[in-house]
Amino acid sequence: MKIIHGLVFHEGKGFVKETLYTKQDCFSLPTSEDTEDTILDAEGCYIIPGLIDIHFHGCAGHDFSDASCEGLTAIAEYQLSQGVTSICPASMTLSPEILRSICECGKNFSDKDVANGSRLVGINLEGPFISSERCGAQNPNFVHPADFTLLNELQDCANGLVKLVTLAPETPGAMDFIRQVKRSALKDISISLGHTTSDYDTAKEALDSGANHITHLFNAMPAFTHRAPGVIGAAFDSPDCFVEIICDGVHIAPPVIRAAFAMFGSHRIVLISDSMRATGLSDGNYTLGGLDVTVNGKHATLKDGTLAGSVTNLSDCLRCAVSMGIPLEDAILCATINPARAIGIDSDYGTLTPGKVADFLLLDKDLHLVGVYKNGQKVK
C-alpha cells in the first residue's frame with residue numbers, strides 16, 4: 001500500500017509530508033512494484049504509529065484479572081477501536097493461584113490473533129510485591145514479599161509474556177529480588193518501583209541495582225518535596241529509568257504534568273491509561289481487583305474516596321496531554337515508541353520505520369481518529 005498526502009510522524013523530526021509504504025504487514029521502502037499498490041489518500045491527516053498501552057486493567061465491562069479469554073477478546077476489540085494497537089494489560093495484587101490463572105489466560109490468548117483486536121505484547125504484574133501502606137485500590141490481604149520463585153512460576157505460566165513487575169523497594173527482600181532477577185533468565189523483565197513508601201536513598205539503590213521503571217509517577221508514593229525527594233527524585237537522578245504518567249485530567253493536575261515533562265523530558269515518559277472495566281461504559285458501580293468501585297464522570301473511586309484506576313483510554317489521555325500544553329510530537333512519543341522501549345518490543349513496534357509492523361493511525365487536525373490500521377490492514 002502507498003499512503004500519500006499525509007503528515008507522517010518521525011521521532012526527532014516531527015511531521016513530514018511524504019509518502020509512506022507498506023508491504024504485506026510491515027512498513028517498507030519504495031520499490032518499482034509500488035505503482036500497482038493500493039493507494040490511501042491521507043490528505044489533511046496526521047499519520048502516527050499505533051498506540052501502545054503498557055499499564056491498564058480493563059475496559060468495556062471486562063478486567064484482565066478476570067482471567068477470561070472471552071473477556072480479553074472484548075478488551076482487545078475495544079482498545080483497537082480506540083487506536084491502541086498493542087496492549088500489555090496489568091494484573092492486581094491477588095493470590096498466587098489467581099495470578100497463575102491470569103498469566104495462563106494471557107498465554108492462551110497470545111496464541112491467537114484477533115483480527116479486530118489489539119495485539120497482546122506482554123503482561124504487567126502490578127503486584128503482589130507492593131507495600132500494604134501504599135496499596136491504593138489494591139487488596140492489602142494479598143500483598144506478598146518479593147519472591148523470585150513466584151515470579152519465575154508466573155513467567156512460566158505466561159510463556160515469557162511478563163514484561164513488567166511492580167515492586168516496593170523498601171519491603172523485606174526487595175533488593176535481593178532485584179539483583180536475583182537481573183542475574184537470571186528473567187533479566188529482561190522491567191522492574192518498576194511503585195505502591196511504595198520508599199525514601200530517596202532506598203529507591204536510588206533499587207534503580208542502581210537494576211530497577212528501571214516507575215509505576216504511575218506521583219500516585220501511590222511519597223510526594224516530591226525539597227527535603228525528601230523520594231522515588232520521584234531518585235527516578236530523576238536515574239537517566240535510564242522510564243516513568244509512567246496517567247494523563248486523564250484526574251490523577252495529576254495539569255501544572256504537574258507540565259513540570260514532569262520539563263523534569264524528565266519526553267524521551268523518558270510513558271503515557272498510560274490505568275483504565276478499569278468501566279472505561280467505555282456509563283457511570284455506575286463496578287469492581288477492580290475484587291474491590292467495589294463507584295464511577296462518576298471521569299472519577300473511579302473506592303468507598304473511602306481512593307482513586308481506583310481511570311475510566312479514560314490511552315487515545316483520550318494523549319489528547320488530554322496535548323490540551324494541557326504538551327506538544328503533540330512529545331505526546332505521541334510517550335504513547336508509542338517510549339512504551340515499546342520500556343518493555344523491549346521497539347524492534348517491531350512504535351515507529352513508522354521500514355521493517356516494523358505496519359500499525360498506524362490517521363488523525364484529523366483535531367486529533368480525532370479517522371482510520372486505524374493493524375498489520376497494514378484497515379480495522380476502523
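The main-chain N or O of H368 is never found under 3.5 Å from a side-chain atom of D366 such that the two would form a donor-acceptor pair. Between the side chain of K163 and the main chain of I123, no donor-acceptor pair closer than 3.5 Å is present. The closest donor-acceptor contact from the side chain of S310 to the backbone of S273 lies under 3.5 Å. No donor-acceptor pair closer than 3.5 Å links the side chain of D348 to the backbone N or O of K356. In terms of modelled atom types and a separation under 3.5 Å, the side chain of H10 and the main chain of K13 share no donor-acceptor contact. A donor-acceptor pair under 3.5 Å is formed between the side chain of S190 and the backbone N or O of A342. Without hydrogens or angle criteria, D283 side chain to G297 main chain gives a donor-acceptor distance under 3.5 Å. A donor-acceptor pair under 3.5 Å is formed between the side chain of K298 and the backbone N or O of D248. With hydrogens and angles ignored, the 3.5 Å screen pairs no side-chain donor or acceptor of T171 with any backbone N or O of A174.
Electrostatic pairing of E205 and R179 counts as a salt bridge here, judged by a charged N lying under 4.0 Å from a carboxylate O.
The shortest non-hydrogen separation linking I47 to G6 is CD1-CA, 3.9 Å. Annotation for I214 and A235: closest pair CG1-CB, 3.7 Å, computed over non-hydrogen atoms. Between P239 and R268 the shortest heavy-atom distance is O-NE, 3.5 Å. The two residues V293 and A300 make their nearest non-hydrogen contact at CG1-CB, 3.8 Å. In this structure, G106 and L120 approach most closely via the heavy-atom pair O-CD2, 3.3 Å. The two atoms that bring Q155 and I189 nearest to each other are NE2-CD1, 3.5 Å, heavy atoms only.
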Checklist line | Derivation of the salt bridge (charged side-chain N to carboxylate O under 4.0 Å, His left out) call for K204 and D201 | finding: CA-CA 5 Å; K204 190 65 170 68; D201 290 337; over 6 Å; no
Next item on the list: Take H55 and T215 through the side-chain contact (heavy atoms from CB on, under 4.5 Å) test and state the conclusion after the steps.
Entry: CA-CA 9 Å; H55 185 162; T215 300; 3.6 Å; yes
Next item on the list: Test I3 against F360 for side-chain contact (heavy atoms from CB on, under 4.5 Å), laying out the working first.
Entry: CA-CA 11 Å; I3 305 112; F360 64 96; 4.0 Å; yes
Note to self: Let's go through F15 and Y46 carefully: what are the C-alpha distance in whole Å and the side-chain angles of both, what is the deciding distance for side-chain contact (heavy atoms from CB on, under 4.5 Å) to 0.1 Å, and is it a yes or a no?
What the structure shows: CA-CA 8 Å; F15 291 97; Y46 297 117; 3.5 Å; yes
Note to self: Apply side-chain contact (heavy atoms from CB on, under 4.5 Å) to residues D292 and L302 and explain how you reach the verdict.
What the structure shows: CA-CA 6 Å; D292 292 331; L302 303 182; over 6 Å; no
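To the nearest 0.5 angstrom, L314 atom CG is 10.0 Å from C247 atom SG. Rounding to the nearest 0.5 Å places CG of L271 at 8.0 Å from CD1 of I257. Within the model, atoms OG1 of T197 and CD of E170 stand 3.5 Å from one another, a figure rounded to the nearest 0.5 Å. In this structure, the separation between SG on C69 and CD on E104 is 10.5 Å, given to the nearest 0.5 Å. Atoms CG and CE, from L20 and M1 in turn, are 8.0 Å apart once rounded to the nearest 0.5 Å. Between the CG atom in N219 and the CD1 atom in I246 there is a gap of 5.0 Å [rounded to 0.5 Å].
Inspection of the H299 and N296 side chains reveals no N or O donor paired with an N or O acceptor under 3.5 Å. Side-chain atoms of E126 and H195 form a donor-acceptor pair, as typed in the model, at a separation below 3.5 Å. Looking at S118 and Q79, their side chains never bring a donor and an acceptor atom within 3.5 Å of each other. In the model, D63 has no side-chain atom that pairs as donor or acceptor with a side-chain atom of H57 under 3.5 Å. Residues N338 and H267 have side chains that never bring a donor and an acceptor to within less than 3.5 angstrom of each other. There is no side-chain donor-acceptor pair under 3.5 Å between Q82 and S315. No side-chain N or O of T19 forms a donor-acceptor pair with one of K2 less than 3.5 Å apart. With hydrogens and angles left out, the side-chain atoms of T196 and R134 include no donor and acceptor closer than 3.5 Å.
Side-chain atoms of L362 and Y373, non-hydrogen and from C-beta on, do get closer than 4.5 Å to each other. Side-chain atoms of L7 and K365, non-hydrogen and from C-beta on, do get closer than 4.5 Å to each other. Side-chain atoms of F148 and D176, non-hydrogen and from C-beta on, never get closer than 4.5 Å to each other. A heavy-atom distance below 4.5 Å is found between the side chains of I191 and K182. Within the 4.5 Å cutoff, no side-chain heavy atoms of L291 are placed close to those of L288. At least one side-chain heavy atom of L150 sits less than 4.5 Å from a side-chain heavy atom of R100. Looking only at side-chain heavy atoms (C-beta outward), E244 and L164 come within less than 4.5 Å of each other. The closest side-chain heavy-atom distance from I75 to F56 is below 4.5 Å.
When hydrophobic side chains of Ile, Leu, Val, Met, Phe, Trp and Tyr are connected at separations under 4.5 Å, Y78 ends up as a singleton with no cluster partners.
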Using residues 320-336 as the side-chain source, report each donor-acceptor pair under 3.5 Å to any protein atom, sequence neighbours left out, with the distance given to one decimal.
residue : atom : partner : partner atom : Å
S323    : OG   : C320    : O            : 2.6
D330    : OD1  : S266    : OG           : 3.4
T336    : OG1  : I332    : O            : 2.6

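Atom CZ of F236 has 12 or fewer neighbouring heavy atoms from other residues, nucleotides or ligands inside a 6.0 Å radius. In this structure, E97 places its CD atom where more than 12 heavy-atom neighbours from other residues, nucleotides or ligands lie under 6.0 Å away. Atom CD of E70 sits in a sparse spot, with 12 or fewer heavy atoms from other residues, nucleotides or ligands closer than 6.0 Å.
When hydrophobic clusters are built by joining Ile, Leu, Val, Met, Phe, Trp and Tyr residues whose side-chain heavy atoms come closer than 4.5 Å, directly or via intermediates, L72 is grouped together with L125. Transitive grouping of hydrophobic side chains (ILVMFWY, heavy atoms separated by less than 4.5 Å) brings L80 and L318 into a common cluster. Residues I54 and L154 fall into different hydrophobic clusters, defined by Ile, Leu, Val, Met, Phe, Trp and Tyr side chains chained together at heavy-atom separations under 4.5 Å. Two different hydrophobic clusters hold V165 and V143 under the rule that ILVMFWY side chains link at heavy-atom gaps under 4.5 Å. Cluster membership for I343 and F129, using ILVMFWY side-chain heavy atoms within less than 4.5 angstrom, is not shared.
Applying the ring-ring contact (aromatic ring centres under 6.0 Å, His included) rule to pairs touching residues 89-119 yields nothing, sequence neighbours excluded.
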